[in-house]
Number of protein chains: 2
Amino acid sequence: MNLILLDPNSTLSHDQFALTVRQQTHISKVIKAKQGDVLRVGVLNGKIGEGIYQPPSEGRVGYIHSVNLFLSVPQPLPMILVMALPRPNMLKRTLQNITAMGVKELYLIHSAKVEKSYWQSPVLQTESIQQCLLEGLEQAKDTVMPTWSLIPRFRPFVEDQLPALLEGKVGLLAHPYLAKRCPIDVQKPCVLALGPEGGWNEFEVGKWHEAGMESVQLGERILKVETVVPVLLSRLYPA
Amino acid sequence: MNLILLDPNSTLSHDQFALTVRQQTHISKVIKAKQGDVLRVGVLNGKIGEGIYQPPSEGRVGYIHSVNLFLSVPQPLPMILVMALPRPNMLKRTLQNITAMGVKELYLIHSAKVEKSYWQSPVLQTESIQQCLLEGLEQAKDTVMPTWSLIPRFRPFVEDQLPALLEGKVGLLAHPYLAKRCPIDVQKPCVLALGPEGGWNEFEVGKWHEAGMESVQLGERILKVETVVPVLLSRLYPA
């Protein structure tokens, strides 16, 4: 947690932001802050700065007051990420990493090689996803919550929603077969579609291409989804 | 496991390679191969090709025979990675990822911000490290085991060993302060030194610089070690 993210809906009074249990634990156990210490804070979807720590006292939760916001958030990545729903044990880390790297628009989509059971994972509950995204923001000292959607049906998304998303953007399909080398430092907004373990099937690749996406590959090595994500994002948009 | 890696020290007879318990389990449960099936195999530190599967039978382990090796391994990364010993819970994944991405020479080094207890982690036992590296090779369809060393003392390494390692290479120190932007597609061999959570301390940075390493940074976002590794490697050597 490199940033205490304050929720504008949790103000105790003007300029006093209540801390969550997680934040309180982190401040007490890791930062070991005392009353009056100045902490690095950000306001959700707002700016970054400092605030003064007030520990919990009888009947009152800990809070931050005298917040002074003077820093902008890091640049977002100018891209939309469409990702085949990863295996639940990779999902949390992947959501955190995506957010830490600055993705602001995410679609988790079904694909023939995504096991149906993945869609039942408790990680997909709204609160759980929001928690992963929050942890990604805290890691990267960002405040801007990504938007996200679950897309359990492939075809209507690619046929009906994708064309509007692609407008004015480069469409890149991570697909290692018969593909050109993935561009480096693309410097344009993109829609990036990342397949499941085992890749998109032929029908799906056809549909992506029809919609205007171009296949790109990353070389001979097969990498795990959790590795491919930072590899691709840092290649397309090196910070 | 995208490749069955055969150990030349485990031949049952000429051209018959015994399978390990892990490989046998994967072949039976995931690949669900039957007697006579042709499987993608590689020989440790050798080439890649195919072999024929013989399931275990009474008193005899499963094995691969009639091995035909006709493919080269993927290109290694022309770099030496020196990394502050990561937190044990990140170490396994990091070792796998590093190997999957093609690092062939690795040093895990002490730094002021590495907790002493990390050096007691069971993951650092030779067998455990080798196992992580093996899993990285299996993931990336590579066969060439990286060499690795544990460096529990920072100073003698940087003063005495590093100059020889740096000969003919670019020396890059991942260090976000007062640093130039990390190069993209460096196209030269390098030594890359990656700090612990919280970074190298001032003394250490001074020592790295004295040895000829240059600080480079990756932008404002603070990323976890497990994310920084693929970000840096793919940026320096995009496949």
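A quick note: this is a predicted structure, and the numbers were derived from the prediction, not measured. Here is how names work: the chains are called A, B, and so on, in the same order as the sequence lines, proteins then strands, and each is numbered from 1.
Listed by sequence position, A:Gln139, A:Ala140, A:Lys141, A:Asp142 are the residues of residues 135-143 of chain A in contact with chain B, using a 4.5 angstrom heavy-atom cutoff. Taking 4.5 Å as the heavy-atom cut-off, the residues of residues 88-104 of chain A that approach chain B are A:Arg93, A:Gln96, A:Asn97, A:Thr99, A:Ala100, A:Met101, A:Gly102, ordered by number. Applying a 4.5 Å heavy-atom cutoff, the residues of residues 218-228 of chain B that approach chain A are B:Leu218, B:Gly219, B:Glu220, B:Arg221, B:Ile222, B:Leu223, B:Lys224, B:Glu226, B:Thr227.
In this structure, CD1 in A:Ile184 is found 8.0 Å from CD1 in B:Ile184, a value given to the nearest 0.5 Å.
The local environment of CD in B:Gln75 is sparse, with at most 12 non-hydrogen atoms from other residues, nucleotides or ligands closer than 6.0 Å.
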Atom pairs and distances, side-chain donor-acceptor, residues 231-239 of chain B, under 3.5 Å, sequence neighbours left out:
| residue | atom | partner | partner atom | Å |
| --- | --- | --- | --- | --- |
| B:Ser234 | OG | A:Val231 | O | 3.3 |
| B:Ser234 | OG | A:Ser234 | OG | 3.0 |
| B:Ser234 | OG | B:Pro230 | O | 3.4 |
| B:Arg235 | NE | B:Cys182 | O | 3.1 |
| B:Arg235 | NH1 | A:Ala239 | O | 3.1 |
| B:Arg235 | NH2 | A:Ala239 | O | 3.0 |
| B:Arg235 | NH2 | B:Cys182 | O | 2.8 |
| B:Tyr237 | OH | B:Lys188 | O | 2.6 |
| B:Tyr237 | OH | B:Cys190 | N | 3.2 |

